[in-house]
Amino acid sequence: MGAAMRRIHVGNALSAFGLGFTVPYLYVYVAQVRGLGSVTAGLVLAVFAVAALIVLPFAGRAIVRRGPLPVLLVALVTAALGALSLGLSASAATVLLSAAALGAGQAVMQPALATMIVDCSTAETRSRAFAMQFFLQNLGLGVGGLIGGHLVDTSSAASFTLLFAIEAAMFLVLVAVMATVRTPHAPRVAEVPGQSAGGSWKQLLGNRAMVQLCVLGFVLFFACYGQFESGLSAYGVEAAGISTSALGTALAANTLMIVVAQFAVLKFVERRKRSRVIAAVGLIWAVAWAVAGYAGLGHGSQAMATAAFISTYALFGLGEAMLSPTLAPLVADLAPTGMAGQYNSAFALVKQLALAIGPAVGGPLGASLHAPYIVVFLLFSLGITVLAVRLGRQLTDVQNQPALARSRVVTKGGAPADAVAAAEA
């Protein structure tokens, strides 16, 4: 890794560490500590999703025209102000406005950081770079949540103010770190005459492989991340009789699996076709849903049900570890030169949409219709496999398996390294 990439990874870890302080306790803070009730707390969570859906279409265009670093710095300052304001807010109006600022800033960070990783990596190093990003994000969230849990006191609003102040400080520290990053110059769409915002989106939607990847991404995030804290947890409590402590253990097992397996599976993933890796993840998650079905619908002991439920989260973590070096690099390789920011923002938009719809659908289904819930999401997982196989037919050999181009400079069909060297000479 170069100095720029090291700073980017430090930035990812710091932002995740800050988020880990507050995200697990946001509902309790708004509903109980500030006494604003469960409805306002639910609205706060909804505001996060809505803010992301509003700003991401504009973020992609800004990244393409201005570069990812200025956009990232603005997003960090916005998120810091939102976090600090949220920690000081005592009314529903100020809480919702603060949550909107924090949610918008967090949403824009993702594609901006992803574009910086693309700019600072090559096709040969990109999978490893995104795997490191995912590893540090999960490690930061886990450590932040652990420390935050020891600092928080539900009888004291001041303890929550401290948490949000620490989160804001992490974002501002990240501003100082990222301001020193010097990324390689990437072409901007602003340099291409006649290119409009509508034209760039039309160009993206005309990329059949990217559209198929977005559909696949929606199903992936809807069937996994969109169920973690809503449908699957509700199913575990209502159908399998899982205790809150066992639910926490299951979430910890998910994080532990990612941390342990991330680099163990990386070499395996790098040598395989990306479409086949994603298809394999669909099968692994289908097994996970089948195990979850046993936990809630089987007739074993409570200990067996709990073990099965924890195993479900661990299997999801294995699939996530396989996806992290696959999905984001594929988005980058599908983007035309200078358009990585637009493509990263579009994919982040699809993810946010899935995360907004997933809990709304999965929560009530998992809590009351146990068997249909398992069947539906088992079929969704098998659908991931089918969609991945179809996507593979739209990809070039190099896009699907970058290892085939080790002797080439890969920039969406780049020239051989010898030719590039001769041209530079």
Side-chain angles (χ1 to χ4, degrees), residues 23-24 26-28 31 38-50 52-53 214-251 253-254 281-300 302 304-320 323 349-388:
V23 170
L26 189 58
Y27 183 91
V28 173
S38 58
V39 174
T40 302
L43 286 175
V44 166
L45 297 176
V47 162
F48 272 93
V50 172
L53 293 175
C214 286
V215 172
L216 173 58
F218 178 87
V219 178
L220 280 165
F221 296 123
F222 178 80
C224 176
Y225 298 97
Q227 304 307 312
F228 270 8
E229 297 177 1
S230 58
L232 189 56
S233 59
Y235 167 84
V237 172
E238 298 294 338
I242 301 300
S243 65
T244 54
S245 61
L247 183 59
T249 302
L251 290 168
N254 175 264
V281 170
L283 295 177
I284 290 171
W285 286 357
V287 173
W289 283 109
V291 173
Y294 168 78
L297 305 174
H299 301 288
Q302 185 59 50
M304 291 294 292
T306 301
F309 192 74
I310 293 172
S311 298
T312 298
Y313 275 78
L315 287 169
F316 275 121
L318 177 60
E320 292 173 72
L323 287 175
L349 181 64
V350 168
K351 179 179 180 180
Q352 289 295 332
L353 189 61
L355 294 181
I357 297 175
V361 174
L365 195 62
S368 56
L369 301 174
H370 304 145
Y373 177 71
I374 293 298
V375 172
V376 166
F377 283 95
L378 191 152
L379 292 176
F380 263 104
S381 297
L382 295 177
I384 290 170
T385 300
V386 174
L387 290 172

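Keep in mind that this is a model prediction, so the values were computed, not measured.
Of the possible donor and acceptor atoms, one in the side chain of Y373 sits under 3.5 Å from a partner among the backbone N and O of L232. Judged purely by atom type and a 3.5 angstrom limit, E320 has no side-chain atom pairing as donor or acceptor with the backbone of L315.
When all heavy atoms of A295 and A308 are compared, the closest pair comes out as CB-CB, 3.8 Å.
L220 pairs in a side-chain contact (heavy atoms from CB on, under 4.5 Å) with only one of the listed residues (V215, L387, I384), which is I384. The ring-ring contact (aromatic ring centres under 6.0 Å, His included) with W289 is formed by just one residue from the set F316, F309, F380, Y294; it is F316.
Taking CG from L353 and SG from C214, the interatomic distance works out to 11.0 Å, rounded to the nearest 0.5 Å. One distance of note links CH2 of W285 with OG1 of T385; it measures 10.5 Å at 0.5 Å rounding. Put simply, OG1 on T249 and CG on N254 are 12.5 Å apart, with the number rounded to the nearest 0.5 Å. Atom CG of L355 is separated from atom CZ of F218 by 9.5 Å, given to the nearest 0.5 angstrom.
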**OP:** Dump the intermediate steps for side chain to side chain contact (heavy atoms under 4.5 Å, CB included) on L297 and Y235, then the final yes or no.
**Re:** CA-CA 10 Å; L297 305 174; Y235 167 84; 3.9 Å; yes
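Considering only heavy atoms from C-beta on, L283 comes within 4.5 Å of L382 through its side chain. Considering only heavy atoms from C-beta on, F222 stays 4.5 Å or farther from V350 through its side chain.
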